[in-house]
Amino acid sequence: MEQRIVLVVLFDGVQSLDVTGPVEVFAGAAHAIGDPDGAYRLHTASLDGAPVRTSGGLTLLPDSSLADAPAPHTLLVPGGQGTRPEDRELIDWLREHGPRAERLVSVCTGAIRLAEAGLLEGRRVTTHWAYCSKLARDFPGIDVDPDPIYVRDGHVATSAGVTAGIDLALALVEEDLGREAALTIARYLVVFLRRPGNQAQFSAQLAAQTARREPLREVQQWITEHPDDDLSVDALAVRARLSPRHFARAFQAETGTTPGKYVERVRIEHARRLLEDTADGVEEVSRASGYGTPEAMRRSFVKTLGASPAEYRRRFHRTPHVTSTTHR
């Protein structure tokens with residue numbers, strides 16, 4: 001099997017997990033396919049080949065300088081505090097060499113470096129939630145999606161923070177070597193191969209702000225605990241002891257989202273958990289999650305996750321073997 005060279009760019013202030021997470025996934029391919037040479041040849045490089053200091057205080061020793069690095073199949077740019085100051089020399093190197101890679105990958109704020117090098121123009125991308133607005137503001141020619149944990153757009157793949165880099169690397173291995181290889185690596189690393197790229201960086205409860213007023217906080221909790229109940233604005237307004245119009249305005253003002261969008265997100269998260277963790281039928285899951293009918297749930301899944309409930313379950317249902325390896 002021909003090896004794919006994965007070149008990981010190192011710099012002072014890099015986030016260590018942005019490097020080691022994907023590296024361990026690609027390195028695990030040798031075990032997954034039963035080939036000691038592996039499907040990937042990993043190579044790390046800094047501008048001058050000197051050791052770099054991570055944001056957490058670790059020292060990483062690169063294999064070479066970028067000038068001496070082999071031409072990569074996959075060029076991976078991690079994130080971290082080191083992406084905040086402008087580094088013209090690294091940006092210039094990426095601008096020259098990035099277009100030659102068959103696959104461009106960023107983890108976390110590594111997307112900022114790719115953007116500075118002009119490699120994301122016209123692309124749909126993501127990055128760590130805290131930097132999405134900055135990326136969109138500084139580079140208006142880029143379509144920044146703040147929700148997914150990773151995004152594929154052609155040969156460019158970008159991911160959110162830290163552990164999302166592992167999810168993206170597993171998805172790339174699945175693309176290269178097949179699902180069984182990716183599952184084997186996930187089991188070995190004791191992680192679930194369950195998170196699709198368009199899974200939100202935050203759950204509904206984390207994505208929305210917690211309301212300041214107690215009646216609204218109680219309504220948020222009620223929605224989470226009763227996704228199959230009547231969650232119309234009128235019904236929720238009664239629970240909050242407000243008029244429907246006042247409730248809708250107050251809810252959005254204090255949580256940053258509308259009641260309808262909050263309910264939709266809670267319901268799809270509830271349905272996903274049931275599809276992942278239970279053997280309940282699709283019709284039963286749709287009722288328990290408040291959709292009423294399988295067709296209504298299917299429309300929501302296709303719109304939000306890009307997959308039908310049946311396809312989602314096929315890809316992400318927890319099997320007994322995977323459960324046993326998590327030691328949970």
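- For the pair L104/H155, a side-chain contact is recorded, criterion being any heavy-atom separation below 4.5 Å from C-beta on.
- Checked by atom type and distance alone, the side chain of Y150 never pairs as donor or acceptor with a backbone atom of I166 at under 3.5 Å.
- Criterion: ILVMFWY side-chain heavy atoms under 4.5 Å apart, direct or through other members. Under it, L120 and I91 are not part of a common hydrophobic cluster.
- A distance-only check finds a donor-acceptor pair linking the side chain of T158 to the backbone of T126 [under 3.5 Å].
- Checked options D143, D153, D145; the residue passing with R123 is D153 (criterion: salt bridge (Lys or Arg N to Asp or Glu O under 4.0 Å)).
- A heavy-atom distance below 4.5 Å is found between the side chains of S300 and E264.
- Under a hydrophobic-cluster definition in which Ile, Leu, Val, Met, Phe, Trp and Tyr are linked whenever side-chain heavy atoms come within less than 4.5 Å, directly or via other members, V151 and V302 are assigned to different clusters.
- Contact check for L47 versus D87: side-chain heavy atoms found under the 4.5 Å cut-off.
- The aromatic rings of F247 and F251 are tilted relative to each other, their planes meeting at an angle between 30° and 60°.
- Formation of a donor-acceptor pair under 3.5 Å by the S64 side chain with backbone atoms of A45 is not found in this model.
- A donor-acceptor pair is defined here as one N or O able to donate and one able to accept, closer than 3.5 Å; such a pair exists between the side chain of T109 and the backbone of G80.
- The minimum heavy-atom distance linking S159 with L168 is given by the pair CB-CD2, 3.7 Å.
- Atoms CZ and CZ, on R95 and R88 in that order, are 5.5 Å from each other to the nearest 0.5 Å.
- Heavy atoms of other residues, nucleotides or ligands lying less than 6.0 angstrom from CD of E89 number 12 at most.
- A heavy-atom distance below 4.5 Å is not found between the side chains of V107 and Q15.
- Side chains of R152 and L172 form a contact here, defined as non-hydrogen atoms less than 4.5 Å apart.
- Placement of V14 and W93 within a single hydrophobic cluster is found when ILVMFWY residues are connected by side-chain heavy-atom separations under 4.5 Å, directly or transitively.
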Let's go through Y291 and R267 carefully: what are the C-alpha distance in whole Å and the side-chain angles of both, what is the deciding distance for side chain to side chain donor-acceptor pair (under 3.5 Å) to 0.1 Å, and is it a yes or a no?
CA-CA 8 Å; Y291 286 106; R267 281 177 168 161; over 6 Å; no

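- With values rounded to the nearest 0.5 angstrom, Q220 atom CD is found 4.5 Å from Y262 atom OH.
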